[in-house]
Amino acid sequence: MMTTQRIEFLNYPVSERLPDPVWGIRIDNTDLRVHAADATRDLWRQEQPDESPSDRERFLLNQYDGLLHREIGDPGRHFLSAPPQSSPRAPPRAPRRSWAAPAASGSAGRC
């Protein structure tokens, strides 16, 4: 049985020192950084055994932070392999902010 996952692309500020927003991703309303942290938590615990749990969690979430907005260029092309908006083959359109994709069956390959 295939289920549909909702994938959202969003912008958020990182800090006052870095004013440019970053692109983040949510899957079924869960920040992708949380999935990445869950998948790598045990590995980092072995690498950094002396860190406190709160420092480790902060590190894990920041380790997989979003992509800088200025480095992405055309978001539709970057995230969805859509033709660039300036392409003569494709009419101009607003960038898509979310889409749904079928989930892989079972747990293999899931983050």
Side-chain angles (χ1 to χ4, degrees):
M1 179 174 142
M2 304 231 3
T3 60
T4 300
Q5 292 181 313
R6 180 173 170 78
I7 300 174
E8 299 173 77
F9 300 98
L10 59 130
N11 297 124
Y12 61 92
V14 176
S15 70
E16 290 181 15
R17 292 182 309 157
L18 186 60
D20 284 348
V22 295
W23 280 97
I25 301 171
R26 277 192 212 130
I27 300 174
D28 293 334
N29 295 320
T30 302
D31 191 323
L32 186 59
R33 294 176 296 170
V34 172
H35 291 295
D38 289 345
T40 60
R41 184 173 284 109
D42 290 337
L43 298 171
W44 282 112
R45 188 176 296 134
Q46 293 172 22
E47 292 287 324
Q48 301 168 340
D50 298 333
E51 276 193 342
S52 71
S54 62
D55 287 342
R56 187 177 304 116
E57 287 302 307
R58 189 171 27 260
F59 169 79
L60 285 170
L61 289 176
N62 291 333
Q63 177 76 7
Y64 304 104
D65 214 350
L67 301 168
L68 288 174
H69 192 265
R70 68 176 180 254
E71 295 175 344
I72 296 298
D74 181 356
R77 182 178 174 109
H78 182 86
F79 290 116
L80 304 174
S81 299
Q85 290 183 6
S86 62
S87 170
R89 294 175 291 169
R93 61 184 176 150
R96 292 172 23 190
R97 302 289 277 185
S98 67
W99 59 281
S105 60
S107 61
R110 295 173 79 189
C111 291

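Throughout, numbering of the chain's residues begins at 1 and tracks the sequence.
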#### Entry: Members besides Leu61 in its Ile/Leu/Val/Met/Phe/Trp/Tyr cluster (side-chain heavy atoms under 4.5 Å)
Val34
### Query
Can you name the closest pair of heavy atoms from Tyr64 and Trp44 and give their distance?
OH-NE1, 3.5 Å
### Task
Compare every heavy atom of Leu60 with every heavy atom of Ala37, then report the nearest pair and how far apart it is.
CB-CB, 3.7 Å
#### Entry: Side-chain (Arg56) to main-chain (Glu51) donor-acceptor, under 3.5 angstrom
yes
### Message
I need the Leu32 CG to Phe9 CZ distance, nearest 0.5 Å.
### Response
9.5 Å
### Query
Where is the tightest heavy-atom contact between Ile27 and His35, given as atom of each residue plus distance?
O-NE2, 4.1 Å
### Summary
Rounded to the nearest 0.5 Å, the CZ atom of Arg45 sits from the OG1 atom of Thr40 at a distance of 10.5 Å
### Query
Can you tell me how far CZ of Arg26 sits from CZ of Arg33, rounded to the nearest 0.5 angstrom?
9.5 Å
#### Entry: Those residues that, when tested against Leu67, pass side-chain contact (heavy atoms from CB on, under 4.5 Å) (two or more places apart)
Ile72, His78, Phe79
### Query
Between Asn11 and Pro21, what is the shortest heavy-atom contact and its length?
CB-CB, 4.2 Å
### Message
Using modelled atom types and a 3.5 Å cut-off, is there a donor and acceptor pairing between side-chain atoms of Asp28 and backbone atoms of Arg6?
### Response
yes
### Message
Between Ser52 (side chain only) and Asp55 (backbone N and O only), is there a donor and an acceptor less than 3.5 Å apart?
### Response
yes
### Residues that Glu57 engages under salt bridge (charged side-chain N to carboxylate O under 4.0 Å, His left out), provided they are two or more places apart
Arg41
